[in-house]
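So the structure is just underneath, and the comments pick up after that.
Residues: numbered from 1 along the sequence shown.
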Amino acid sequence: MAHFFNEPSRTFNEYLLVPGYSSKECRVENVSLKTPIVKFKKGEEPAIHANIPLVSAIMQAVSDDKMAVALAKEGGISFIFGSQSIESQAAMVKRAKSYKAGFVTSDSNLRPDQTLADVLELKARTGHSTIAITEDGTPEGKILGLVTSRDYRVSRMDSDTKISEFMTPFEKLIYAKAGCTLSEANNVLWDHKLNALPIIDDNQRLTHFVFRKDYDAHKSNPNELLDANKRYIVGAGVNTRDYEERIPALVDAGADILCIDSSEGYSEWQLETIKWTRERYGDDVKIGAGNVVDGEGFRFLADAGADFVKIGIGGGSICITREQKGIGRGQASAVIEVAAERDKYFEETGIYVPICSDGGIVYDYHMTLALAMGADFLMLGRYFARFDESPTNKLNINGNYVKEYWGEGSNRARNWQRYDLGGDPRMKFEEGVDSYVPYAGSLHDNVNLSLNKVKSTMCNCGVLSIPELQKNAKLTLVSATSIVEGGAHDVILRDSSANAIR
């Protein structure tokens, strides 16, 4: 006979947190959102942690190299989407890893025989005003000079003026020698009041730049998530089909952590993918797996060697798996059960396998609920798709700005590697929709506001860290009536009143 769960399948919307005792220490500035991302043994520290409990979804409409940089600046991790060619995904990883290492590889290079018009065109295309002038116009060529916005006046020069006539020649450049430390390079920047410092090797070739703005950006982003070489931490999605080619390419590109992107993770395909990764790389390559919705699925992937386990089937805003296939589980129920199994697994083995709640987050307070229920971090799609940094188009529809957002199970994404279980290709069906989400502005502003709400709620619960929240939170189920009571009710809102009068 089939197994029946006694409890209904519940969502985050059906729960509220009950306040706990708040001491004078319970202030937003004292709350830490640092959380483990990969498994670790009892008494040890995880090889990778995040400074905020947010990662971006493995989706075409959400996670590219631009999102990876923006989210790492805030302390989270982006998993660059895998439903693209291996070469394209690896290039995105490389761009994100090289974006800021303290030492930045030049992507703006010209020859001395080119013109001011070329300078202006390159600046418009890249947005970068510091241009290295090399013999052959490549970043590897012998450096002959430098052009910055201080070297020319567009209103007083002809556009066909040769670069050699207005560049700062090599002989007049202040530079540091290759091999210097970032601290030494920053000292030269400050001592000479420079905005950019070239790093040059013994063969007069430019190896990197160090920029003053990167130093300033670091100070304004204290949570930024960096590797040992001060490069941003970057994740990437893989599948269970071409992993033998894709994983090595992503590792070579510098990806810090991988995640198997699948609609359902309790499978032999994921077992084989993890097994191959361990045989090839041991524990050096970190790889998460999923998705599952119960303790049995979690234990299967934990035993297989997953570095973290992702929870959630059918809860995403663009996912229609439940209505198409009748499979899935309410996200709150799934997180609660898997968290209990994770804790049990930790007691039995001494290995803590973090869990990631993927889907079901509609309001900011759902983030706090998911963490309180046991999630170590959250994977978000719709939330990040709304921001400037997502890779989709911003459109004006009926006077409102929106951004495009589509599911990996939609025809637009055609990510059949994620969903395909074989059979007649003519019988394939969609498990995601093509949609729009309201445009919300910059990631930085929105993430800080959302996490301020999370921290404030944690203070109301009398806790200052995610582990404390998981241990001490008090949660209550809510009735349909109390959900209505929780919002504005029995009043005429000013905006609504004004609209009615007009």
For the pair I257 and D307, evaluate side chain to side chain contact (heavy atoms under 4.5 Å, CB included) and give the outcome as yes or no after the intermediate values. CA-CA 9 Å; I257 183 168; D307 282 292; 5.6 Å; no

Decide yes or no on salt bridge (charged side-chain N to carboxylate O under 4.0 Å, His left out) for E389 and K73, but give the supporting numbers first. CA-CA 12 Å; E389 293 80 2; K73 284 181 179 179; over 6 Å; no

Could you walk me through whether Q270 and L301 pass the side chain to side chain contact (heavy atoms under 4.5 Å, CB included) check? CA-CA 8 Å; Q270 295 219 4; L301 292 176; 3.9 Å; yes

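A side-chain donor-acceptor contact under 3.5 Å links Y232 and E224. Checking K34 against N51 by side-chain atom types alone, no donor-acceptor pair falls below 3.5 Å. T457 and N460 are not linked by any side-chain donor-acceptor pair at a separation below 3.5 angstrom, with hydrogens and angles left out of the test. Under the 3.5 Å distance criterion, with hydrogens and angles disregarded, a donor-acceptor pair is assigned to the side chains of S450 and D364. Looking only at atom types and distance, the side chain of T240 has no donor-acceptor partner in the side chain of E272 under 3.5 Å away. For the residue pair N291 / D358, a side-chain donor-acceptor distance below 3.5 Å is found, with atom types taken as modelled. In the model, D445 has a side-chain atom that pairs as donor or acceptor with a side-chain atom of S442 under 3.5 Å. Checking S32 against S465 by side-chain atom types alone, no donor-acceptor pair falls below 3.5 Å.
Counting heavy atoms from C-beta on, the side chains of F384 and L54 come closer than 4.5 Å. Residues P46 and I48 are not in side-chain contact: their nearest non-hydrogen atoms beyond the backbone lie 4.5 Å or more apart. Side-chain contact between M379 and S357 is absent, with no heavy atoms from C-beta onward closer than 4.5 Å. Y365 places none of its side-chain heavy atoms less than 4.5 Å from the side chain of K453. In this structure the side chain of T392 reaches within 4.5 angstrom of the side chain of W406, judged on heavy atoms. Contact check for L33 versus I466: side-chain heavy atoms found under the 4.5 Å cut-off. Side-chain contact between E341 and D294 is absent, with no heavy-atom pair separated by less than 4.5 Å.
Ion pairing between R205 and E140 fails under the 4.0 Å rule for side-chain N and carboxylate O. Comment: K66 does not engage D388 in a salt bridge, judged by the lack of any side-chain N to carboxylate O separation of less than 4.0 angstrom. Checked for salt-bridge contact, R342 and D376 meet the test: a charged N lies under 4.0 Å from a carboxylate O. Ion pair R231/D227 flagged as a salt bridge, since at least one NZ, NE, NH1 or NH2 atom sits closer than 4.0 Å to an Asp/Glu carboxylate oxygen. Using a 4.0 Å cut-off between a side-chain N of Lys or Arg and a carboxylate O of Asp or Glu, E44 and K39 do not qualify as a salt bridge. Ionic pairing of K97 and D256 is present here: one or more N-O contacts between side-chain nitrogen and carboxylate oxygen are shorter than 4.0 angstrom.
Counting non-hydrogen atoms of neighbouring residues, nucleotides and ligands closer than 6.0 angstrom, the NZ atom of K344 reaches no more than 12 such neighbours. Residue Y363 places its OH atom among 12 or fewer non-hydrogen atoms of other residues, nucleotides or ligands, all under 6.0 Å distant. Heavy atoms of other residues, nucleotides or ligands lying less than 6.0 angstrom from CD of E348 number more than 12.
A cation-pi arrangement, defined by a distance under 6.0 Å to the six-membered ring centre and an angle within 45 degrees of its axis, is absent between K403 and Y439. A cation-pi arrangement is present between R386 and Y383 under the rule of less than 6.0 angstrom and at most 45 degrees off the ring axis.
Remark: side-chain polar atoms of N393 are not paired, donor with acceptor, to backbone N or O of L395 under 3.5 angstrom. For the pair D242 (side chain) and E245 (backbone), a donor-acceptor distance under 3.5 Å is absent. Judged by distance alone, with hydrogens and angles left aside, the side-chain atoms of E337 form no donor-acceptor pair with the main-chain N or O of A334 at under 3.5 Å. A donor-acceptor distance shorter than 3.5 angstrom exists from the side chain of T207 to the backbone of I199, with no hydrogens or angles considered. Formation of a donor-acceptor pair under 3.5 Å by the N30 side chain with backbone atoms of E25 is found in this model. Within the 3.5 Å criterion, the main-chain N or O of M59 finds no donor-acceptor partner in the side chain of S63. Under a 3.5 Å cut-off, the side chain of R246 and the backbone N or O of G82 do form a donor-acceptor pair. With hydrogens and angles ignored, the 3.5 Å screen pairs a side-chain donor or acceptor of S390 with a backbone N or O of A385. R278 places a side-chain N or O within 3.5 Å of a backbone atom of G305 that can act as its donor or acceptor partner. At distances below 3.5 Å, at least one donor-acceptor pair connects side-chain atoms of Q89 with backbone N or O atoms of I80.
Qualifying ring-ring contact (aromatic ring centres under 6.0 Å, His included) partners for F81, counting only residues two or more places apart in sequence or in other chains: none. Residues that satisfy the salt bridge (Lys or Arg N to Asp or Glu O under 4.0 Å) test with E74, not counting sequence neighbours, are absent from this structure.
N13 and V478 get closest at one heavy-atom pair: O-CG2, 3.7 Å. Scanning both residues, S83 and Q60, for their nearest heavy atoms gives OG-NE2, 3.0 Å. Between L380 and V62, the shortest heavy-atom distance links the atoms O-CG1, 4.2 Å. In plain terms, the two heavy atoms of T273 and T277 that are nearest each other are O-OG1, 2.8 Å. Closest of all the heavy-atom pairs between G374 and V335 is N-CG1, 4.4 Å. Of all the heavy atoms in K230 and L182, the pair that sits closest is CD-CD2, 3.4 Å.
Taking the centre of each ring, Y352 and Y345 stay at or above the 6.0 Å mark.
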